[in-house]
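These numbers were taken from a predicted model, which means no experiment stands behind them. Chain naming here is simple, since letters A, B, ... match the order of the sequence lines and numbering starts at 1 in each.
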Amino acid sequence: MPELRKDPTIGRWVIISTERARRPGVFFDIDENTEEEQDCPFCEHKETQTPAEIYAVRNHGTHVNGPGWKVRVIPSIKPFLRIEGNLNRRGYGLYDVMNGVGAHEVIVETPQHIANMADLSAHQIELVLQTHVLRINDLEKDQRFKYVLAYKNYGYLSGGGRVRHCRSQLIATPVTPVRVKEELVTAKKYFDFHDRCIYCDMIQQECETESRVVAECEHFVALTPFASRFTFEVWILPKKHGCDFAKSGAPGYHNLAVMLKKVLSKIKTGLNDPAYNFLIHSAPFRRNGGNSHQWKTIEEDYHWHIEIIPRLTRVAGFEKGTGFYICSIPPEETAKFLREVTV
Amino acid sequence: MGELRRDPVVGRWVIVDTDHAGENNGFEKEDHTPKQEAKCQFCYGRENQTPPEIEAVRPKDSKPNSPGWSVRVVPNKFPALRIEGELNKRGVGIFDMSNGVGAHEIVIETPDHRKVMADFTHEELFEVIKKFKSRCVSLSHDKRLKYVLIFKNFGESAGASMEHGHSQIIALPMVPKYVLEELEGAEHYFEYRGRCVFCDMINQEYQDQERIVTENKDFISFCPFAPRFSFESWIIPKEHSAHLEDISDDKLYNLAVILKEMLYRLKVTLSDPSYNFFLHLAPLHYEHNESYHWHIEIIPKLTQIAGFEWGTGFYIVSTPPDVAAKHLREVHVTKHG
């Protein structure tokens, strides 16, 4: 019998299908028509082929926009949003419009032509995470922005394009995006009622139940959510409560890098190197006056986390029309499968 | 400069890229040449390979589950939800769940394996749409069900696993999230202004003209001001209506005319893209009929939905709707489609 399950953090129902289950490895073929390495503009010594760098982790004595870097941040060549100008909010009859002001940065995660973050060292991933933090904290200074999403598209099916060089992206937006807002609203409601963080409660229940835990260390837990939208969806949550990824403190980034490498390697090995997206969900900027009265308990009620979504199935008309997802393998089975993958 | 635009019904902001308008490069292409015909379960003579039919359009002298039909409705062999049993709502710690009760039906739109909906005659599509309506009426008698979604996946990249022309009906024991957001947005607007937000939208589209693609006596089609996807278009009844069951057969015929025309325009403009369409109807037994207005949303599958969209619900549209509407309008369409 299929089940309907509700994600308590956002109030979204999903269908966990038990009879349509397809086993790992028999999802659709991966389209890997990729660019040749010699055409990759993100490799070391190709620095002039990208826009000028915004920031880089560099070896001592090397020059800006020259070789000798470890992580490099550049503006997107085809930005969705532009950094110049003001918002100019306006109405247009029934419709509301504002200028597409924002920031869109690309973080090149390694000077070598490596495609998957799973293949970077934990130390290199830690440098990438620290670069995210530094850029997010810098973008916070721009009063026009309310939110920064850090995310990664790996592989063509995830929207990652044809160039297989490991990179992630940051987009700063002048409005808090709707899915994030839904999480914030639900977390606040739960906190108002229980005086506890819903994610902390979830982590406690998951660590006791164990059936959906993929990996665990002292500081982080990786799990397949009870009401997964996608087959093999994995969340990584810090055990210690905190609403803001960029303010969670330096020691944690090393542990997070180790956990990320472990989970991404399990996905790569166990599922035959699928395309995936990962996203960091963190609290919006909390400047004086800005959001602070609206989300006055946000420090206590919201809990940052990472969502990893392997792209194994197509999103079809039903999902697009309803926001109701069909997950073809129960998360208890996918967690067990990933637990047993050795890396 | 790109624009941020807000959907007036659900309040969702989207990014419309006005800088690269009209650059269609980078859109996906998919080959729709039939490959599965030799073993297709939806073709004549293989009626016993599907579950027994629920309804069919067939000559009086032909028997159920035999050839001769022109439209056939069957249960999905691999249903996402099951019709038997009770919901049995329950909690597991902080989690809520229930049994997956519902209906999952397939409408086989034609016996012709090679015929795609954009090439149907008006009469053929009319028969399919009449089945959409009759299934809604029939499923509304099951008190466990709250919502019926009618949708179509065309092409593998849009999620179709069978290439033979079919659409699907899923009946749910709760109202899904996106529909709920539309209902709430529309109710809110109605409370505030005493008018239907969709009717107001139609009026503004008439004034602006630039996003309208086509219209006939009963329906209008336009590219919405704040779409989620490039070349997204809507078909909406001109006269206010919340339920498909309220639409008379002569109006349904005009729906067939405009749906066929829109699919044909998309096929020509975007070189036969994969697509999804779905009907957003009011829930079964819904009573705020004055605030909600049913419509069809048609979404060609042109790009991959990437991490940014999943993470934020913030969609990036590379073709502004006025540009998309202009391209779609320019397709030459004869009176008979």
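- For the set B/Lys89, B/Lys177, B/Gln168, the entry with the most heavy-atom pairs within less than 4.5 Å of chain A is B/Lys177.
- Proximity to chain B involves both the backbone and the side chain of A/Tyr95, based on heavy atoms less than 4.5 angstrom apart.
- For A/Thr209, no part lies near chain B; criterion is any non-hydrogen pair under 4.5 Å.
- For A/Tyr92, the parts sitting under 4.5 Å from any heavy atom of chain B are the backbone and the side chain alike.
- For A/Asp96 against B/Phe225, the heavy-atom pair with the smallest separation is O-CE2, 4.1 Å.
- For a residue to count as touching a neighbouring chain, one of its non-hydrogen atoms must lie under 4.5 Å from one of that chain's; by this rule A/Glu208 does not touch chain B.
- Between chain B and the residues A/Ile280, A/Asn88, A/Thr173, the most heavy-atom pairs under 4.5 angstrom are made by A/Thr173.
- Only the side chain of A/Leu81 comes within less than 4.5 Å of a heavy atom of chain B; its backbone N, CA, C and O stay farther away.
- The distance from the OH atom of A/Tyr199 to the CD1 atom of B/Ile94 is 10.0 Å, given to the nearest 0.5 Å.
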In sequence, state the C-alpha distance, the side-chain angles, and the governing distance for B/Phe151 and A/Lys320, and then conclude on side-chain contact (heavy atoms from CB on, under 4.5 Å). CA-CA 10 Å; B/Phe151 65 102; A/Lys320 285 177 190 162; over 6 Å; no
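- Using a 4.5 Å cut-off between heavy atoms, A/Glu206 contacts chain B through its side chain alone, with no backbone atom that close.
- When heavy atoms are compared at a cutoff of 4.5 Å, B/Phe278 approaches chain A solely by way of its side chain, counted from C-beta outward.
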Walk me through it: do A/Phe324 and B/Val179 pass the test side-chain contact (heavy atoms from CB on, under 4.5 Å)? CA-CA 10 Å; A/Phe324 208 137; B/Val179 178; over 6 Å; no
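- Of all the heavy atoms in A/Ala316 and B/Asn153, the pair that sits closest is CB-ND2, 3.3 Å.
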